[in-house]
2 protein chains.
Amino acid sequence: MKEGPDIAHIAALIGEPARANMLTALMTGQALTASELAAEAGVMLPTASSHLAKLQAGGLLTLRKQGRHKYFALASDEVAKVLEGLMGLAAGSGHLRTRRGPKDAALKKARVCYNHLAGEMGTRLYRHFMAAGYLQAETGTLRLTDAGRQFVRGFGVEPDSLARGRVPLCRECLDWSERTSHLAGSLGRALYTRIEDLGWAHRDAGTRAVIFSARGEQEFERRLLRG
Amino acid sequence: MKEGPDIAHIAALIGEPARANMLTALMTGQALTASELAAEAGVMLPTASSHLAKLQAGGLLTLRKQGRHKYFALASDEVAKVLEGLMGLAAGSGHLRTRRGPKDAALKKARVCYNHLAGEMGTRLYRHFMAAGYLQAETGTLRLTDAGRQFVRGFGVEPDSLARGRVPLCRECLDWSERTSHLAGSLGRALYTRIEDLGWAHRDAGTRAVIFSARGEQEFERRLLRG
DNA sequence: CACATGCTTCGATTACGATCAAACTATGAA
DNA sequence: TTCATAGTTTGATCGTAATCGAAGCATGTG
């Protein structure tokens, strides 16, 4: 009855529909302002403000002030991981909030998870990196091998500069649609950013969906899933 | 605003204190009756009954009828994994439900997570299995190598008979106190059962804590963390 | 300065869900 | 059969928290 951390409090934070909408919106990895989040959640500003204060107090969100704006973002990728896990449970229990339309197909194919690539494209990338020996699982964490280091460098991402941060370089993240892992961590983030920079893909405005151009997808296959 | 599965519903299920207590109690892996869970949650039977119906409808619990008893258990280790993740967040945000007493130290050292060994002892076991090459990470899942197969057989656990079930043989599970992985899946379960059968350890009644005897701990070190 | 924009605080309203006593059903024991 | 135990259903009560209008700050812009 009184053992371990207070799970109910933070689950209750996530369990309010307006707040859940906000958190889901932040799974894109973008930082959003209070007004944007209010719109996203379908509530008025005072309500949103109150919710955001609670989420922040609960350690789920971080805040960055910029001028008269307040940008909120998920506090860590642990938070994102738990949200993704909850989505898995919710999807498994069959209660989809919307019937799966054409938009869902896009989400299933490729989407952004917090800040890295998820969906079919994400898991294929992860699988290839493991199979090619670029990544190695070690003691519960993921290690980028020398071969992997060289490979990502060839793709225009410098791993050593990423390794400095607080966030681990490689981390696996459970994909709720594919039910298998994809690559997270600062490397996951950097790879996705690079994909966007190369113009292979862009985010669908306001959604988590990632739209690959025809050429972008070809290049992705050629340069990231081979060799 | 309306994208993806309904995360709020199931988070709300977990977010009610009485229900959270029940779920936490079930993290021991034991199936418990409605009355036991009522006591555990600190509510009367009618209240518990209502909560349990909701948890079951939400797909978080499974039910096994036995005579006039109803035994409830967590529906899957995905559920356990999410709960463990929430504990991590709650522990991180510092809101411990109880100040860490001597009991918490026991929990930190060894406890049962759903049905397998967690805490320091659990993560050490996992680390050793990885380092010795008994386990290998592959495409997001864990594989028991031939060497590993032989090793666990020597410990009195037959891996091939475990592999048949619906549950994967090996699976990693994030440990909320250690912040690293330990071994779950049917092998994790079998190893822990064997440890209990050998009399090395027993569960503290009603808690998740696992108490090793002095000899049990020595044997654990000698037979599972070496060779 | 005035004026707009972004967000917070206050206060009143409202709705939802947790709670439990009492009555009821079902299974088992004597 | 009668009694006991395990759990459900009903219905009434109560508390908490979500909601938003209106007023209040704070930070920008003309």
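Labels below follow one simple rule: chain letters A, B, ... track the order of the sequence lines, proteins then strands, and each chain is numbered from 1.
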Rounded to whole angstrom units, what separation is found between the NE2 atom of B:H69 and the C1' atom of C:dG28? 9 Å
Got a salt bridge between B:R111 and B:E84, using NZ or NE/NH1/NH2 to carboxylate O under 4.0 Å? yes
The nucleotide from C:dC20, D:dT19, D:dG7 with an atom nearest the side chain of B:T33 is D:dG7
Give the intermediate values and the outcome of side chain to side chain donor-acceptor pair (under 3.5 Å) for residues A:T193 and A:E196. CA-CA 5 Å; A:T193 310; A:E196 272 195 343; over 6 Å; no
Is B:K54 touching bases, backbone alone, or none of the nucleic acid, heavy atoms closer than 4.0 Å? sugar-phosphate
Rounded off to whole Å, could you give me the NZ-to-C1' distance for the B:K70 and D:dT5 pair? 15 Å
Of the nucleotides D:dA22, C:dA18, D:dA18, which has the atom closest to the A:P46 side chain? D:dA22
B:M22 CE - C:dA18 C1' separation (whole Å): 12 Å
Heavy atoms from C-beta onward define the side chain here; which of D:dC20, D:dG7, D:dA18 lies closest to that of B:S49? D:dG7
In whole angstrom, what separates A:F72's CZ from C:dT8's C1'? 11 Å
Output the rounded distance in Å from CG (A:L63) to C1' (C:dG6). 13 Å
Starting at atom CG of B:L52, determine the distance to atom C1' of D:dG7, rounded to an integer number of angstrom. 10 Å
What do the steps show when you test B:I195 against B:F155 for side chain to side chain contact (heavy atoms under 4.5 Å, CB included), and what is the final call? CA-CA 9 Å; B:I195 286 170; B:F155 182 56; 4.0 Å; yes
Could you give the CD-to-P distance, from B:E36 to D:dT5, as a whole number of Å? 16 Å
Check B:E217 with B:K109, please: is the shortest side-chain N to carboxylate O separation under 4.0 Å? yes
When you measure from the side-chain N and O atoms of B:K65 to the phosphate of C:dT27, is any distance below 4.0 Å, counting only OP1 and OP2? no
Side chain of A:A18 only, heavy atoms from C-beta on: which candidate in C:dA18, D:dA6, D:dT19 is closest? D:dT19
Nearest of C:dC20, C:dT8, D:dC20 to any side-chain atom of A:V43? D:dC20
Give the rounded distance in Å between these two atoms: CG of B:L45 and P of D:dT8. 8 Å
Side chains of A:L61 and A:L23: does their closest heavy-atom pair fall under 4.5 Å? yes
Looking only at side-chain N and O atoms, does B:T47 come under 4.0 Å of OP1 or OP2 in C:dA18? no
Report the nucleotide, chosen from D:dT19, C:dA18, D:dT8, that has the shortest atom-to-atom distance to any side-chain atom of A:H51. D:dT19
